[in-house]
Amino acid sequence: MKHTPTIRAELDRYLQQEGLSMTEFGHIAGMNRGAVSAIVSGNKSMSINQLDLITEAMGLPEGHFYDLFIENFIIDHPPNMRRIEPFLFRCAELDKLDAIRRVVGAIMDNLLYSPKLFEIAEELLAQGRHAAALLLYEGVAETERYQHSERLAVCQYRIFTIQIGEDQTQNLHAAAILEAFVERLDEIDQLDALKDLANVYRSLCKWDKVEEIARKMRAKAEIQYTLKHQQNSREHTESTDKLSRPLFVYVSYADLLCASVCEAQGDYQQALEYTYAYTDLDWVLETDEDTLYWLNLYKDWAQCNSYIYKLLSGDTSVLPDYVEYIAKSKVDKEMVTKILNVLLAANQYQLDVDDILKRFETIIATFSQQPSSDDMYTRQVIPEQYARFGYELAYYYLYRGSYGDGFKHLMYATVQSHIINNETYFINCMGLFVKFRTYAVPEFKEEFLNLIEKVWLNNVEKNGSSDRRS
């Protein structure tokens, strides 16, 4: 049987090796002699703060004894949350994820510890320590998987928001898991969960799912809005205050999502009908500053999308007005979508928009600097729009014979499509390259084919197959 060393033994050995008395070491560590003596003799348990002081006094790196701390004071001992909680927070600070994983594995057989670990996870999430929080949420979710509790549903929602990233294949998997838990959330929390799900499915172009979720969100939001103004209770107001947006937004955003579904399906007239629906917001009763902000935002979106749907349906006479609208718009994350629609119309109806692209070239140059945000729309839909914009711009230039610009933007679009793991866009980029490859200079051909080979080899490795001739 392997003997597990102890921190006490390591400290005692250090004192003898360095010829230090407990008083001398205590002075170095900022601890009194009695505390050092009690630790060495085993008469007193050790706090994580004391362990950090001892580690620093011994000249060792932070967290050096954390694995031993788990062995000595957590594994095979009745869990003591007064000791475990500060240890988990300290591990999170030092990014000691393996240590957190071991602690969770050691104590999560008992459902009694789920509520406390959930509280710790919530605090870590609030601190921005997402990787550490994820381990705790996963531990609680695994322990409570048969409980059908609201806490289990909240854990799954938190896991979803943390895991959503650049890889659209993984995002699809995460969204499918969350869907099964949405109805278990608090009725108010369901609204943000449905909004986030809809935005992820929107970025994945899963339009049937977007429409289904949008309709669910609208129905639930209408009920809550009615209850809010019928009951006018403090409890209901406090409940809706935790939403990320005013309550009415979830009703109108459902119409906006349905309009985006119709746009994707080429039904621009129906898209306009939905746009008119979220333009008519006279039913909104609130008049606070946040409400006015969102009302103005919807008014702007409606103006923009009205131009877009008319333009894409073939009414190119609105293009000059739409361009002026863009020019007067605030330069923000939505700018890529606004200019993208110019390209979509240009490519569909063979329009010359060189002057328009020249006018916005400074803004277009910033599209490689993608915005960061916790908002699911910004994290998911906007990166998808960047990849699509690059492809449409490459398409425009290549078909007009501007091969230098075309291939430059094609490379950008291909890289972006690979980053977000969007197979459709990636294949479209490859097809566009094949169509115009005879016009590519040798240097670009080599660079592009090297990229394709790199993606292929990464895919081979990820899927567990092998390049048999390498």
Side-chain angles (χ1 to χ4, degrees), residues 1-110 112-140 143:
M1 181 176 177
K2 184 178 179 181
H3 175 68
T4 302
T6 65
I7 298 172
R8 293 185 177 107
E10 291 293 315
L11 175 56
D12 189 42
R13 182 186 61 79
Y14 177 81
L15 294 176
Q16 294 183 35
Q17 177 182 301
E18 299 297 320
L20 292 171
S21 67
M22 293 184 188
T23 301
E24 291 170 330
F25 182 80
H27 180 72
I28 296 171
M31 301 167 61
N32 63 55
R33 183 193 182 285
V36 177
S37 176
I39 290 171
V40 172
S41 64
N43 293 328
K44 182 182 178 182
S45 61
M46 190 183 312
S47 71
I48 188 61
N49 181 57
Q50 288 174 327
L51 178 59
D52 286 338
L53 292 174
I54 289 170
T55 303
E56 182 180 5
M58 292 173 67
L60 297 171
E62 290 183 303
H64 178 80
F65 286 124
Y66 281 12
D67 284 336
L68 279 183
F69 187 84
I70 296 171
E71 295 283 349
N72 297 170
F73 300 106
I74 297 177
I75 293 178
D76 297 330
H77 287 72
N80 182 336
M81 293 309 297
R82 292 176 63 184
R83 179 183 300 122
I84 291 173
E85 181 176 358
F87 180 67
L88 289 174
F89 278 112
R90 187 68 178 124
C91 287
E93 287 178 23
L94 298 180
D95 204 29
K96 297 280 187 179
L97 300 183
D98 286 340
I100 294 175
R101 192 176 288 109
R102 289 187 67 197
V103 172
V104 172
I107 70 173
M108 285 310 297
D109 288 339
N110 193 327
L112 292 175
Y113 302 109
S114 286
K116 188 59 183 178
L117 281 194
F118 177 78
E119 288 179 15
I120 296 171
E122 292 283 84
E123 178 62 28
L124 289 173
L125 185 68
Q127 294 175 2
R129 304 188 189 281
H130 293 177
L134 177 62
L135 294 175
L136 299 187
Y137 287 128
E138 288 176 336
V140 174
T143 301

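Along the sequence shown, residues carry numbers from 1. Only this structure's heavy atoms are used, side chains among them; waters, hydrogens and symmetry mates stay out.
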If you look only at distance, which donor and acceptor atoms sit under 3.5 Å apart when one is on a side chain in residues 95-106 and the other is two or more places apart or in another chain?
unit_1, atom_1, unit_2, atom_2, d
D98, OD1, R101, NH1, 2.6
R102, NH2, E71, OE2, 2.6

Tightest non-hydrogen contact, residues F73 and I7, listed as CE1-CD1, 4.2 Å
field: Q50 side chain vs S47 backbone, donor-acceptor pair below 3.5 Å
entry: yes
Notebook entry, point to check: With no hydrogens and no angle check, is any side-chain donor or acceptor of R8 less than 3.5 Å from a backbone partner on I39?
Noted result: yes
Of all heavy-atom pairs linking G63 and L94, the shortest is N-CD1, 4.0 Å
Taken in chain and number order and not counting sequence neighbours, the residues that satisfy salt bridge (Lys or Arg N to Asp or Glu O under 4.0 Å) with E24 are none
Do N32 and T23 come within less than 4.5 Å of each other through their side chains, counting heavy atoms only?
no
Closest heavy-atom pair, D52 versus R90, reported as atoms and distance to 0.1 Å, is OD2-NE, 2.8 Å
Sorted by chain and number, sequence neighbours left out, salt bridge (Lys or Arg N to Asp or Glu O under 4.0 Å) with E138 holds for none
Heavy-atom closest pair (T6 atom, N72 atom, distance to 0.1 Å) is CA-OD1, 3.3 Å
I'd like to know whether the aromatic ring centres of Y66 and F87 sit less than 6.0 Å apart in this structure.
yes
**Prompt:** How about L51 and I48: do any of their side-chain heavy atoms sit closer than 4.5 Å?
**Reply:** yes
Heavy-atom nearest pair, E10 first then M58, reads O-CE, 4.0 Å
| Is the closest side-chain heavy-atom distance between P86 and N49 below 4.5 Å? | no
Notebook entry, point to check: Would you call I84 and Y113 a side-chain contact if the rule is heavy atoms closer than 4.5 Å?
Noted result: no
* Taking the six-membered ring for Trp and the single ring otherwise, decide whether the centroids of F65 and F69 are under 6.0 Å apart. => no
query: So do I54 and Y14 actually touch side chain to side chain, heavy atoms under 4.5 Å?
result: no
Item to complete: May I ask you to decide whether R129 forms a salt bridge with E123, counting only side-chain N to carboxylate O separations under 4.0 Å?
Response: no
